[in-house]
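Okay, structure first, notes after.
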Amino acid sequence: MIDIAIPKGSLLNQTLELFERAGLEVRRTEREYNARINDPRIGKVKILRPQEIPTYVSKGYFDLGISGTDWIVESGADVVTVANLNYGKQGPGVVKVVVAVPESMPVSSSREIPPGSRVATEYPNITRSYFERLGIPVEVQFSYGATEAKVPELTDVVVDLTETGSTLIKNGLKIIDVIMESTSELIANQQSWSDPSKREEIEAVETLLSAVIRARGKALLKMNVSEKNIEQVISILPSMKHPTISKLYNSGYYAIESVVDKKDINLLIPQLKKAGASDILEIDISKIVP
């Protein structure tokens, strides 16, 4: 059995939803940080701060965990990235670790930041490394949150995580550089990954989680098409590889099914109808396993 660490905080809701869609529902007990998953491959489940998870996985307290790229890099943890799960607190996508300064500060790049500037951040290791690469000596100050509120009285520059940049802008800051992009990653302990039995269980969990990620924003379209219209319908029908086509019994019609992007369906269905498709069905997909 494998032990899993799940991130609390901003990633928790998206993580719980992902596991539930994968058929691995996380059931929390009376104690908030303890949980269980009713699956014979999974033992202990803990809900912990994402900042701590890479280190705990690296040390072998857990076989598997989910954390952001930012905290994996910041911690310097020696872990295996099993899969990029590509979600943040608001849903699919990536967030960015950025450098921001007051709107009134006359700089447009990190290279223009004056030596000796105070830089507040939750990422002291990433920040020190970044400014060392630039050759700019700065005073790195660890921030416990609300970093944007500390400018200009307590700090000159902030290095912070953002999805849209709106909070920084509201506080009179401008983004002048992006240090790195971050998303959720499924990470494994090195020894667990090297153990054949544990690796098989880890890969089984990854298969289920990644299948949900692949199905995100997809739907299955099924329809019937007469033989005379089939080429026209296929010409406008997108698919992951090739549409599946089968002849209907004792008729001049074919059944066609194809996986398509949900965002295109409202435009696509009228086109298919016009091209001769009928009996069109739109079906939600929970998992896609290649």
Side-chain angles (χ1 to χ4, degrees), residues 6-15 18 48-55 58 65-77 79 81 84-187 213:
I6 288 174
K8 63 175 292 189
S10 61
L11 289 177
L12 179 59
N13 288 338
Q14 291 292 329
T15 302
L18 172 62
L48 301 167
R49 289 167 58 87
Q51 295 93 322
E52 302 170 318
I53 288 176
T55 299
S58 175
I66 293 176
S67 187
T69 311
D70 51 344
W71 296 118
I72 297 168
V73 174
E74 175 64 21
S75 68
V79 294
T81 296
N84 187 325
L85 299 176
N86 193 33
Y87 69 87
K89 65 181 180 180
Q90 300 296 335
V94 299
V95 292
K96 298 175 181 178
V97 178
V98 302
V99 182
V101 298
E103 189 68 47
S104 58
M105 191 172 180
V107 301
S108 58
S109 167
S110 296
R111 297 182 181 278
E112 300 170 7
I113 290 175
S117 294
R118 302 167 297 172
V119 184
T121 182
E122 290 186 88
Y123 305 103
N125 294 327
I126 290 174
T127 301
R128 286 193 191 96
S129 177
Y130 177 72
F131 281 99
E132 284 172 3
R133 290 197 302 270
L134 294 179
I136 303 173
V138 295
E139 178 190 339
V140 177
Q141 304 171 334
F142 181 76
S143 173
Y144 288 92
T147 309
E148 67 280 352
K150 298 172 183 177
V151 179
E153 293 85 2
L154 304 176
T155 194
D156 307 302
V157 181
V158 300
V159 171
D160 207 358
L161 189 71
T162 183
E163 285 193 271
T164 64
S166 58
T167 301
L168 295 171
I169 293 171
K170 286 178 183 177
N171 284 273
L173 301 173
K174 62 181 179 181
I175 296 171
I176 58 172
D177 267 315
V178 176
I179 295 180
M180 65 179 292
E181 291 188 338
S182 176
T183 189
S184 53
E185 295 187 22
L186 185 67
I187 55 175
I213 297 296

**Request:** Taking side chain to side chain donor-acceptor pair (under 3.5 Å) as the test, write out the residues that go with R49, two or more places apart.
**Result:** none

**Item:** Non-hydrogen side-chain atoms of V73 and Y123 separated by less than 4.5 Å
**Value:** no

**Sequence-distant partners of T167, side-chain contact (heavy atoms from CB on, under 4.5 Å), two or more places apart** = E148, N171

**Request:** Begin from the C-alpha positions of W71 and E122 and carry the test side chain to side chain contact (heavy atoms under 4.5 Å, CB included) through to its verdict.
**Result:** CA-CA 10 Å; W71 296 118; E122 290 186 88; 4.1 Å; yes

**Message:** Using only atom types and a distance under 3.5 Å, with no angle test, would you say the side chain of S117 pairs donor to acceptor with the backbone of V138?
**Reply:** no

**Reported CD1-to-CD1 distance for the pair I53 and I187, which is rounded to 0.5 angstrom** = 7.0 Å

**Taking every non-hydrogen atom, the tightest pair across E103 and L173** = OE1-O, 3.9 Å

**Message:** Within the 4.5 Å heavy-atom criterion, are V159 and I126 side-chain neighbours or not?
**Reply:** no

**Prompt:** Can you name the nearest heavy-atom pair linking E163 to V95, along with the distance?
**Reply:** CG-CG1, 2.8 Å

**Message:** Once rounded to the nearest 0.5 Å, what's the spacing between atom OG1 of T162 and atom CD1 of I169?
**Reply:** 8.0 Å

**Check: P114 and M105 side chains under 4.5 Å, non-hydrogen atoms** = yes

**More than 12 heavy atoms of other groups within 6.0 Å of K174 NZ** = yes

**Prompt:** Taking all non-hydrogen atoms of both residues, which atom of G68 and which atom of S182 are closest, and how far apart?
**Reply:** C-OG, 3.9 Å

**Asked** Between the main-chain N or O of S109 and the side-chain N or O of D177, is there a donor-acceptor pair closer than 3.5 Å?
**Response** no

**Asked** I213 and L85: which non-hydrogen atoms are nearest, and at how many Å?
**Response** CD1-O, 3.3 Å

**Prompt:** Is there a side-chain contact between T121 and V140 (heavy atoms, below 4.5 Å)?
**Reply:** yes

